[in-house]
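Throughout, numbering of the chain's residues begins at 1 and tracks the sequence.
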Amino acid sequence: MTPDQVLTTVVALLSGAGDPAFDALRNGGHDDRYPVAIENCPRPLGALEVEGKTVICGRISVPENHEADNGQTIPLAFAVLKARSEAPATDPVIYLHGGPGGYTVQDIPFNARVFDFVRDRRDVIIFDQRASGISDKTIACYNEFSKDFMQFVKPDDEDKIFEPGQPLARCIAETAESGVDLSLYNTTQSAKDVRAIMDALGYPEYNAFGISYGTKLGQELLRAAPEGLRSLVIDSIARVDNASYDSNGVPPDQALGWVVDYCAADEACAKAFPDLEATIAAVGKRLGEEPPLKVAGQEVGPEFIDSLLELSNRTAAPFTMYLPQVLTELARGETATADKLLTGGLNPDASPAALMARFGARLNDADRTVAEVALMQADQMRSLQAATAKLLSSLSDEVSATGSADTEQLFDDQLSAVAQGMEADDLLAMLQDYVLFIGQQPDREAIERFVTLHVPEAERPRILGLVAAMTDEDVAAFYERARIDSAKFTSNTRMMFSLGIIACQEDFPFNSREGFDKVSAQYRFPVIDVGVREDTMPLYGFCDLFDKHPREGYHDPVSSELPVLAMAGTKDTQTNPDAAEMVVRTLPQGQAVLFPEAGHAVIQFSQCARDIAAAFLEHPEAPVNAACTDKLKPKFYVPPPAK
């Protein structure tokens, strides 16, 4: 964040002037078939975002069934993040999020950071897929959310959440009773939504970037709606022709295999840990014995290896380098290195003092002083940037370029302040009724009844006065805020519900318990089966509750002449590290790149990955230069010889 960026952002916020490039969207969009309605963006936006100038949000109405004329429509939430260039490329990037059932629009700052490297040249479009995020209007189970709100926020027993009679099962029943045709909530219809979105936003040619389940959507986009698609990046790949749930154990099995193989190829590691594969088998045996081992104060069992791999999958900090030592100690019943690794004791210290202690000895006194001052100033600049970002975000939250809802913001602030002083039971009752606002038409009298019922008498006149002062836009903004707040509170549970709607219908019986057993019998490291099986089996029971709607040919490999970049990471425990090489076998213009030390969502782990993706987007027909991946290979910790 530079001073010029801060100055430009503040001026844009204070001026309230919108970007004329967004005028067509404010007037209904570029395609009458898919009308656009602009809405206030969910807050926070991010430090350098200015609503109406760098970002605009809304909903696009698309057909529930793209094969039917004049049928029902679905309002899909979207945001356009404008490119920073004064002469941007005309082909933007649309992000296909994971899940199924993930979300993007309610967390604009995170997605803006992930795709920041794209915005140097291109607009970025994010949207919540049908049945996902805040695009779930047609399938959300509002009554169940209200009746059992806390079970959706934080279930008492997450292992039982999929069972009959539990919240997710009751959601299925309520949605079915509403008359929604759940068979239309599938990947093929979502692929056609993508083309409709780009037409509505005025982009005849575009690129798509899918991560996780979004790669499956990307593959279907190649097959079912390729019109206008210039190129596709698929990162952390779920192949349409692979039984993803039956093979849930294959990614951690392959990730552990990469640790063993990298160690074997490293002379020092191979010497220190000569038979790591046998050591892993010994670890599995020891973790199943009594007394149980304790790591970081918690008892662990055979599932601990799978948990270790999942932690590695989620962190870009050094992790793999210590795993051979961790595993060797565990096999002996020791946990010293595991304790340090899990509690952050092995994380590199990047403080000025630590860096000077590491490198300062080679400097003379004058150079050492200069280096110390430079490092301390860098540390201060980092703190100043964080403080400035908070100030800009706060200012942005108070200003909306799409029909300001200042009174609604004040109402929400005051209502939140009242809620903080409420007893737990009263707060829960208030939240249960708050959830009922989602899915309803804006109604001022309903808000007044809500305030009268739940706000203490001493505060009630002041809060009711704010309701009376609200404009129609304020009332609508309150209803939308209730929807977004509820989505945030219940995001994990709702994501599982949306996953079930899509995956259980189209991926079963392609996946089955028998298929899981068949795949698990072939693991290179059988010890990982315990944790994976425990996590996966409940999904099969949940999917038993759904009617199945498999589509002929959907699970066939996709063939296309369009340029595709397939990216995979060796630490990924959610999608197969070998999927990149596998998927391009039927894509003549496909290129596969494997990234050492990258977990799920490869582009979040290295500049190398982002640079390769950016280069591909510029010239998708050209071979990518993947030489930087060699520098990513892990370097292993080898303990010093015993004295």
Side-chain angles (χ1 to χ4, degrees), residues 39-40 42-44 77 103 105-107 133-134 136-137 139-158 161 166-168 170-171 174-175 178 394 397-398 400 405-497:
E39 299 176 353
N40 286 335
R43 263 39 183 189
Y103 55 87
V105 180
Q106 68 198 57
D107 196 352
I134 54 174
D136 67 346
K137 184 176 181 180
I139 56 91
C141 49
Y142 309 120
N143 293 327
E144 285 300 332
F145 281 160
S146 174
K147 284 193 298 185
D148 218 352
F149 180 73
M150 290 308 297
Q151 284 301 304
F152 285 94
V153 175
K154 189 175 182 181
D156 290 335
D157 189 344
E158 293 188 2
I161 196 171
Q166 293 299 312
L168 291 180
R170 298 200 301 272
C171 265
E174 180 178 337
T175 303
S178 73
S394 178
D397 289 351
E398 299 295 331
S400 168
D406 293 335
T407 307
E408 189 277 332
Q409 177 68 56
L410 182 59
F411 172 72
D412 182 73
D413 290 343
Q414 295 300 311
L415 194 62
S416 297
V418 169
Q420 289 176 5
M422 297 175 73
E423 297 292 334
D425 289 345
D426 294 336
L427 178 60
L428 178 58
M430 180 178 172
L431 288 173
Q432 288 173 328
D433 283 352
Y434 183 63
V435 173
L436 288 177
F437 285 111
I438 64 177
Q440 306 300 319
Q441 292 299 314
D443 182 353
R444 186 189 310 274
E445 291 182 359
I447 301 175
E448 291 172 341
R449 290 193 296 270
F450 173 77
V451 170
T452 301
L453 181 61
H454 293 292
V455 172
E457 186 174 355
E459 306 285 349
R460 199 177 300 152
R462 178 168 55 85
I463 305 297
L464 285 173
L466 288 173
V467 177
M470 290 166 70
T471 65
D472 289 344
E473 286 180 339
D474 290 320
V475 172
F478 171 79
Y479 274 73
E480 184 60 21
R481 185 188 296 273
R483 179 179 187 77
I484 293 169
D485 286 347
S486 298
K488 289 179 178 177
F489 291 149
T490 61
S491 59
N492 288 338
T493 306
R494 286 155 56 96
M495 186 164 69
M496 295 309 301
F497 179 48

Worksheet entry | Shortest non-hydrogen separation from M470 to R444 and the atoms involved | O-NH1, 2.6 Å

Report all side-chain donor-acceptor pairs from residues 423-431 shorter than 3.5 Å, counting only partners two or more places apart or in another chain.
none

Worksheet item: Do S416 and D413 have side-chain atoms, one donor and one acceptor, less than 3.5 Å apart?
Response: no

Practice prompt. List for me each residue that meets side chain to side chain contact (heavy atoms under 4.5 Å, CB included) alongside P42, sequence neighbours excluded, and say none if there are none.
Written response: C57, V105, I108, I134, I484

Practice prompt. Could you pull out the closest heavy-atom pair between V475 and P442, with the gap in Å?
Written response: CG1-CB, 3.8 Å

Item to complete: Hey, could you give me the CG/CG distance between L410 and L415, rounded to the nearest 0.5 Å?
Response: 11.0 Å

Response to the item:
Rounded to the nearest 0.5 Å, the CZ atom of R481 sits from the CG atom of N40 at a distance of 9.0 Å

Practice prompt. List for me each residue that meets salt bridge (Lys or Arg N to Asp or Glu O under 4.0 Å) alongside E448, sequence neighbours excluded, and say none if there are none.
Written response: none

Discussion item. Restricting to salt bridge (Lys or Arg N to Asp or Glu O under 4.0 Å), what partner residues turn up for R460, sequence neighbours left out?
Written reply: none

Worksheet, complete the sentence: side chain to side chain donor-acceptor pair (under 3.5 Å) filter on R449, not counting sequence neighbours, yields none

Worksheet item: Which pair of heavy atoms, one from D443 and one from E445, lies closest together, and at what distance?
Response: OD1-N, 3.0 Å

Practice prompt. Report yes if the side chains of F411 and V467 come closer than 4.5 Å at any heavy-atom pair, otherwise no.
Written response: yes

Worksheet entry | Point-to-point distance, once rounded to the nearest 0.5 Å, from OH of Y479 to CD1 of I447 | 5.5 Å

Worksheet entry | Partner set under ring pair (Phe, Tyr, Trp, His ring centres under 6.0 Å) for F450, not counting sequence neighbours | F437, H454

